[in-house]
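Note on naming: letters A, B, ... go to the chains in the order of the sequence lines (proteins, then strands), and numbering restarts at 1 for each one. Owing to the predicted nature of the structure, the values given are computational and were not obtained by experimental measurement.
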Amino acid sequence: MSDLTKLTLADTRKGLANKEFTSVEVTEAYLGAIEQAKSLNAYVSVTGDRAVEMAKASDEKLAKGEGGSLEGVPLGIKDLFATKGAHTQAASHILDGFKPEYESTVTSNLWRDGAVMLGKLNMDEFAMGSSNETSYYGPVINPYRAKGSNKDLVPGGSSGGSASAVSAWLCAGATATDTGGSIRQPAAFTGTVGIKPTYGRCSRWGIVAFASSLDQAGPITRTVEDSALMLNSMAGFDTMDSTSADIAVPDFAAAVERGVKGLTIGVPKEYRMDGMPDEIEKLWADGLEWLKAEGAQVRDISLPHTKYALPAYYIVAPAEASSNLARYDGVKYGLRESGRDITEMYENTRASGFGREVKRRVMIGTYVLSAGYYDAYYKRAQKVRTLIKQDFEKVFADGIDAILTPATPSAAFGVNDQDMAADPVKMYLNDIFTVTVNMAGLPGIAVPAGQDSAGLPLGLQVIGKPFDEETLFAAGRVIEKSRGMDFAPERWW
Amino acid sequence: MSVDADTVRRIGRLARIRIEENDVEALKGELNTILGFVEQLNEVDIDGVEPMTSVTPMQLRRREDKVTAGGHPERIVSNAPESEDNFFVVPKVVE
């Protein structure tokens, strides 16, 4: 039998439905691959017994010609999603030992459709980071290495475990979440596809909250079609999330081959940053040519408030995080450190349970929301956010159907990069092209499109109108078909 | 705007995070780097702009005021570091 882990999610589905192999066989192939890939540190918990049990149940259904749209397909789940009775710690020390009594809506949807859970994936602590180095469980390693080098590179973050696992064939697809770029940046760094849907498309219920007005779940997969298939299952209205959109979920997979003929693609001049590497410029130009060749029109546009999205984000997101993370107090779950009184117990627990980046953001958030500073920081940032959203609304009203940009300002960088360790803002700049999308609540997809001179993957991003993920899948598929290369890391692990 | 050492200690108290005295200076530097970065928002003309309250046009839904779940206190406290008779146990708060 050929290597079952190398199949796309779509082909895994087909092979299972046609009884070419069983779910137990694919599941065991993935569990074997995970066992051999410990050096990547992509999983924080492998649920092997449960996986085989779920696979057996799927095989019984498949044998009868029954089963859901993802019946028997093995997936990895980001540690941010509550999974009943299984490791759910947002890769933080403060949630030590936490095993939820309930299941997140997104994962419930996947199990309803027959998917199999392989385990929980590593991530930046509480989804705060762009390199997967803030995890309590240590950094995740990118399966890609620069040509002729054996230096470890980061997979991006915060969904670094999801991206690394998908890229290295350790699951057929993975759930991820995106607050400022945490799906799209790691997808771009690992040659995988990642989509952040419109805010409200996937329920946030049972996902550990970071910044509630920005958080959205989405898939990371090896192909555009795979992302469409996974999102079809993950998305949907949920009364348990008061911001869940009561809008029908279209058949995303049916939109994948729709093409871009007649679409108008916007090219925002503000995304052409000073000192942008030539290879990113070229990638962007290539992407526009591919879309034109398939019948799209390309038009220059302006999104004047782009440069303010990242600074506004670093007020809004920490403010919401400081409020959301107040619940980790050593009383209800996870870690408790003792103290002379209850306040000291809180302070000791949070000092020892939170990592450096989380503390920094909770403190920034506490400061900008504190008496006397609210108007100067938080209220101002929310006004700037309105302007960022209006920029997009104007170009969409002017006839733009989707926007093409680079996904990241560079390819993957080294683990323990000293420049970024010394200056938190340098790390934040990774999300410069992705964060606008969260601020405006729009959908965005990252698709691998080229390589830098060292052979590392680079991605393009397509931004769409609210609830128009279909156009993103169609445009993403054109990029995937036109780029003329496969994305597969050379195995060294 | 930037923070001084006393402000760092005060934020630590508000956030209920114990700050080691030998860490105050480093934290002050890190927080000021971030606050310096967000300073550029002051260039933006925000006169007459409404602050965003919802990223997609939606009104928060309401539901009937009735009990839909509950009756399982043992599940609620199942992850507690310390519990007794289905209550959370904390250090003494009243004398």
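Counting heavy atoms from C-beta outward, A:Glu270 and A:Ser302 have side chains that approach closer than 4.5 Å. Put simply, the side chain of A:Asp431 reaches to within 4.5 Å of the side chain of A:Ser130, judged on heavy atoms.
Of the charged side-chain nitrogens involved, none lies within less than 4.0 Å of a carboxylate oxygen, so that A:Lys84 and A:Glu103 do not count as a salt-bridged pair.
Of residues 11-20 of chain B, those residues with a non-hydrogen atom less than 4.5 Å from any non-hydrogen atom of chain A are, in numerical order, B:Ile11, B:Gly12, B:Arg13, B:Leu14, B:Ala15, B:Arg16, B:Ile17, B:Arg18, B:Ile19. Using a 4.5 Å cut-off between non-hydrogen atoms, the part of residues 75-82 of chain B that approaches chain A consists of B:Arg75, B:Ser78, B:Asn79, B:Ala80, B:Pro81, B:Glu82.
Using cut-offs of 30° and 60° for the angle between ring planes, the A:Tyr313 and A:Phe210 rings count as perpendicular.
For chain B, the nearby part of A:Asp341 is the backbone; its heavy atoms alone come within less than 4.5 Å. Heavy atoms of A:Ser244 lying under 4.5 Å from chain B belong to its backbone as well as its side chain. Only the backbone of B:Val89 comes within less than 4.5 Å of a heavy atom of chain A; no side-chain atom from C-beta onward does. For A:Asp423, the part sitting under 4.5 Å from any heavy atom of chain B is the side chain, from C-beta outward, and nothing else. Contacts of A:Met345 with chain B are made by side-chain atoms alone, with heavy-atom separations under 4.5 Å and no backbone atom involved. For B:Ala26, the parts sitting under 4.5 Å from any heavy atom of chain A are the backbone and the side chain alike. Using a 4.5 Å cut-off between heavy atoms, A:Ala312 contacts chain B through both its backbone and its side chain. Heavy-atom distances place no part of A:Leu325 under 4.5 Å from chain B, backbone and side chain included. Proximity to chain B (any heavy atom under 4.5 Å) is restricted, for A:Arg356, to the side chain, taken from C-beta onward. A:Lys389 touches chain B through its side chain: at least one heavy atom from C-beta onward sits under 4.5 Å away, while N, CA, C and O do not.
Residues A:Thr243 and A:Asp241 have side chains that bring a donor and an acceptor to within less than 3.5 angstrom of each other. Side-chain contact annotation: A:Ser352 with A:Glu337, donor-acceptor N/O pair under 3.5 Å present. No hydrogens or angles considered: a donor-acceptor pair under 3.5 Å links the side chains of A:Ser203 and A:Asp238.
Ranked by heavy-atom pairs under 4.5 Å with chain B, the first of A:Ile364, A:Leu335, A:Val362 is A:Ile364. Ranked by heavy-atom pairs shorter than 4.5 Å toward chain B, the options A:Phe467, A:Tyr373, A:Tyr377, A:Tyr378 are led by A:Tyr377. For the set A:Tyr428, A:Tyr346, A:Tyr199, A:Tyr367, the count of heavy-atom pairs under 4.5 angstrom toward chain B peaks at A:Tyr367. Options A:Glu344, A:Lys359, A:Arg385, A:Arg380 differ in how many heavy-atom pairs under 4.5 Å they form with chain B, and the most are formed by A:Arg380. Between chain B and the options A:His305, A:Gln390, A:Lys307, the largest number of non-hydrogen pairs under 4.5 Å is found for A:Lys307.
Aromatic ring centres of B:Phe88 and A:Tyr333: separated by at least 6.0 Å.
Between the side chain of A:Asp468 and the main chain of A:Gly464, no donor-acceptor pair closer than 3.5 Å is present. Formation of a donor-acceptor pair under 3.5 Å by the A:Lys196 side chain with backbone atoms of A:Leu442 is found in this model. Under the 3.5 Å distance criterion, the side-chain polar atoms of A:Asn348 are matched with a main-chain donor or acceptor of A:Ser338. In this structure a side-chain-to-backbone donor-acceptor pair under 3.5 Å is present from A:Glu320 to A:Ser213. Formation of a donor-acceptor pair under 3.5 Å by the A:Ser322 side chain with backbone atoms of A:Ala319 is found in this model. With hydrogens and angles ignored, the 3.5 Å screen pairs no side-chain donor or acceptor of A:Asp178 with any backbone N or O of A:Ala217.
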Practice task
Show the numbers, then the answer: is there a side-chain hydrogen bond (donor to acceptor under 3.5 Å, both in side chains) between A:Ser212 and A:Asn324?
Solution key: CA-CA 8 Å; A:Ser212 304; A:Asn324 274 326; 3.0 Å; yes
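Here the options are B:Asp45, B:Asp47, B:Val44, B:Val49, the test is side chain to side chain contact (heavy atoms under 4.5 Å, CB included), and the partner is A:Lys383; only B:Val49 passes.
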